[in-house]
Amino acid sequence: MVMTVENIMGRILLDLPDEAIRRLDHLKQRRNTARAELLREAIEQYLERQTQNVLHEALGLWGEAAEDGLEYERKLREEW
């Protein structure tokens with residue numbers, strides 16, 4: 001039994017400033033890659049950064065805290 005996975009893609013219409021299209025075309029020629037592929041790559045990178053930002057924001061101040069969260073909790077409970 002042979003199974004194939006199709007990569008189904010939707011289409012969107014995207015309006016870009018002429019300068020962005022010019023830069024995209026320059027990159028397209030340099031990398032010998034289709035515009036659509038460059039845009040897909042850019043969107044994937046953007047979405048990945050957004051996911052990382054959400055995770056960072058979800059951690060709040062604890063993400064970069066020098067103090068251990070459990071130790072902080074113990075200190076607060078000692079005040080009770």
Side-chain angles (χ1 to χ4, degrees):
M1 181 174 157
V2 176
M3 290 180 42
T4 60
V5 177
E6 292 184 35
N7 197 2
I8 300 172
M9 292 189 200
R11 289 188 167 256
I12 62 168
L13 176 64
L14 178 66
D15 294 323
L16 294 172
D18 290 341
E19 175 63 15
I21 293 172
R22 185 189 66 72
R23 291 173 64 197
L24 185 62
D25 285 342
H26 179 70
L27 184 60
K28 176 183 90 159
Q29 289 178 348
R30 271 193 14 220
R31 291 185 46 193
N32 193 28
T33 305
R35 263 190 204 171
E37 181 59 30
L38 292 172
L39 291 170
R40 281 190 293 271
E41 181 182 316
I43 290 170
E44 284 298 323
Q45 289 175 8
Y46 173 80
L47 293 173
E48 181 62 29
R49 278 195 314 273
Q50 293 304 308
T51 300
Q52 291 171 359
N53 288 343
V54 167
L55 290 174
H56 179 72
E57 290 171 7
L59 292 174
L61 297 175
W62 293 111
E64 299 172 1
E67 184 174 22
D68 177 60
L70 199 51
E71 184 61 33
Y72 178 74
E73 183 180 335
R74 286 184 184 127
K75 285 180 185 178
L76 287 177
R77 289 181 181 207
E78 287 175 4
E79 293 175 7
W80 296 349

Inset, instruction - Taking all heavy atoms of K28 and all of T33, pick out the closest pair and write down the distance. - result: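 Scanning both residues, the minimum pair turns out to be CG-O, 2.7 Å.
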
Legend entry - Same apolar cluster: Y46 and L16, side chain cutoff 4.5 Å: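 Y46 does not cluster with L16.
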
Hey, what do you get for [atom1] ([X]) to [atom2] ([Y]), rounding to the nearest 0.5 Å?
{"X": "E48", "Y": "Q45", "atom1": "CD", "atom2": "CD", "answer": "9.5 Å"}
{"X": "Q29", "Y": "L24", "atom1": "CD", "atom2": "CG", "answer": "10.5 Å"}
{"X": "L39", "Y": "L14", "atom1": "CG", "atom2": "CG", "answer": "6.5 Å"}
{"X": "E41", "Y": "I43", "atom1": "CD", "atom2": "CD1", "answer": "11.0 Å"}
{"X": "R23", "Y": "E19", "atom1": "CZ", "atom2": "CD", "answer": "6.0 Å"}
{"X": "R40", "Y": "M9", "atom1": "CZ", "atom2": "CE", "answer": "4.5 Å"}

Legend entry - N-O pairing of E78 and K75 below 4.0 Å: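 Salt bridge between E78 and K75, a charged N being under 4.0 Å from a carboxylate O: no.
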
Inset, instruction - Look at R77 together with E73 and state whether they make a salt bridge at an N to O cut-off of under 4.0 Å. - result: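 Salt bridge: yes.
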
